Amino acid sequence: MQTLWNTVFYEPIYNALIFIINTITLGDIGFAIILLTLVVKFILSPLTKKSIKSQILMKKMEPELKQIKKDFPDKQEQAKKTFELYKKHGTNPFSGCLVILLQLPVIFALYFVFYKGLGNLNAGPLYSFIQIPENLHANFLGLIDMGGKSIVLALLAGVSQFIQGYLASPIKPKVEVLPAGTAKEPKTFQEQMADSMQMNVKYVLPVFIAIIAYQISAGVALYWITSNIFTIVQEWYIRRSFLKKAI
């Protein structure tokens, strides 16, 4: 398992980082991290695009899903109608989870590269045509040591994650005015769980990322900032394009 992990994920990303340091950034580790992160995000962008579109469609389908639950109390019939609705809109409720699962190995590999490979570069995992850089510049912009800790970059990682989570959160519908004497239908357990997860993603995750980014290294923090900014721009563009088509 470890051999497969190294061959498929760790070694390609590690070699890509060293290649960028050697040929593009001329020894600058900080800019190499930014470029490597952008390359990975571009490669994964089709999956991310699919996930964002799925989130938009699932939110759009919520009224119809609620109506199905009311009209078809029988669980089998309810499941059948729900599946037909998914097919009609061309979406899958599990596509977002699948995209996340596919990205996790890449994200872990990036962490491992930045965590283990910044301070003391190892020639062992390098391909035969990749050489260890003769000159390394660990100070990003001449100020921040990529192998050390940076409270500034860690805070920026948390802030950028908060902005991304805020933009990704579904817009709350306007307060529904009910007829007099009509009680509001209580939320289901699934809806309560979804609300709880959204709150955690929006407020808890940025704090967690800021702490982890500070504890590991400034290189990891820079990776998160670059990744979040890319995702923010991508999500804004996709949602804007999707809304234009819907009009």
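Every value quoted in this text rests on a predicted model; they were computed, and no experiment measured them.
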Quiz item: For atom CD of Glu64, is the number of surrounding heavy atoms from other residues, nucleotides or ligands below 6.0 Å larger than 12?
Solution: yes
Quiz item: Which hydrophobic side chains are connected to Ile211, either touching it within the sub-4.5 Å cutoff or through other members that do?
Solution: Val207
Practice problem: Find out whether Gln161 and Phe208 are in side-chain contact, i.e. whether some heavy atom of one side chain is under 4.5 Å from a heavy atom of the other. | Solution: no
Quiz item: Are Ile151 and Ile225 connected in the hydrophobic side-chain network, where two residues link if heavy atoms are under 4.5 Å apart?
Solution: yes
Practice problem: Could you pull out all residues at least two apart from Tyr237 that satisfy side chain to side chain contact (heavy atoms under 4.5 Å, CB included)? | Solution: Ser241
Quiz item: So, for Ala154 and Ala221, which heavy atoms are closest and what is the spacing to 0.1 Å?
Solution: N-CB, 4.0 Å
Quiz prompt | Cluster companions of Phe83 among Ile, Leu, Val, Met, Phe, Trp, Tyr (side-chain spacing under 4.5 Å) | solution = none
Exercise. Could you walk me through whether Phe42 and Val39 pass the side chain to side chain contact (heavy atoms under 4.5 Å, CB included) test, one step at a time?
Key: CA-CA 5 Å; Phe42 271 114; Val39 169; 5.9 Å; no
Self-check item: Asn22 side, atom CG; Gln131 side, atom CD - distance, nearest 0.5 Å
Solution: 7.0 Å
Exercise. Check Val220 against Ala213 and note the closest heavy-atom contact, atom names and distance.
Key: CG1-CA, 4.4 Å
Practice problem: May I have the step-by-step check of side chain to side chain contact (heavy atoms under 4.5 Å, CB included) for Tyr127 and Glu11, ending in yes or no? | Solution: CA-CA 8 Å; Tyr127 300 146; Glu11 290 179 3; 4.2 Å; yes
Quiz item: Can you name the closest pair of heavy atoms from Ile130 and Leu126 and give their distance?
Solution: CG2-CD2, 3.8 Å
Self-check item: For Pro12 against Val8, the heavy-atom pair lying closest together
Solution: CG-O, 3.5 Å
Quiz item: What distance separates Thr37 OG1 from Leu222 CG, expressed to the nearest 0.5 Å?
Solution: 7.0 Å
Quiz item: Atom NZ in Lys41, atom OG1 in Thr226: separation rounded to 0.5 Å?
Solution: 10.5 Å
Practice problem: Output the distance between atom CD1 (Ile18) and atom CD1 (Ile21), rounded to the nearest 0.5 Å. | Solution: 4.5 Å
Practice problem: Specify the closest pair of heavy atoms between Lys49 and Gln234, including all atoms of both residues, with the distance to one decimal. | Solution: N-NE2, 4.3 Å
Quiz item: Would you say the ring centroid of Phe19 lies under 6.0 angstrom from that of Phe129?
Solution: no
Practice problem: Report the distance from atom OG of Ser160 to atom CG of Leu155, rounding to the nearest 0.5 Å. | Solution: 10.5 Å
Exercise. Please examine the side chains of Tyr166 and Ile163, heavy atoms only from C-beta on, and report whether any two atoms are closer than 4.5 Å.
Key: no
Quiz item: When rounded to the nearest 0.5 angstrom, what is the spacing between CD1 in Ile229 and CG in Leu38?
Solution: 9.5 Å
Practice problem: Go through the structure and list residues passing side chain to side chain contact (heavy atoms under 4.5 Å, CB included) with Ile24, not counting sequence neighbours. | Solution: Ile20, Leu35
Exercise. Anything under 30° is parallel, anything over 60° is perpendicular, the rest tilted; go ahead and classify Tyr14 against Tyr10.
Key: parallel
Practice problem: Using the test side chain to side chain contact (heavy atoms under 4.5 Å, CB included), find all partners of Glu84 that sit at least two apart in sequence or belong to another chain. | Solution: Lys80, Lys81
Solution key, residues 139-150 side-chain donor-acceptor pairs under 3.5 Å, sequence neighbours excluded:
from   : atom 1 : to     : atom 2 : distance (Å)
Asp145 : OD1    : Gly147 : N      : 3.1
Ser150 : OG     : Leu153 : N      : 3.2

Self-check item: Shortest non-hydrogen contact between Pro125 and Asn15, atoms and distance
Solution: O-ND2, 3.0 Å
Exercise. May I ask you to decide if Thr3's main-chain N or O and Thr7's side chain share a donor-acceptor pair within less than 3.5 Å?
Key: yes
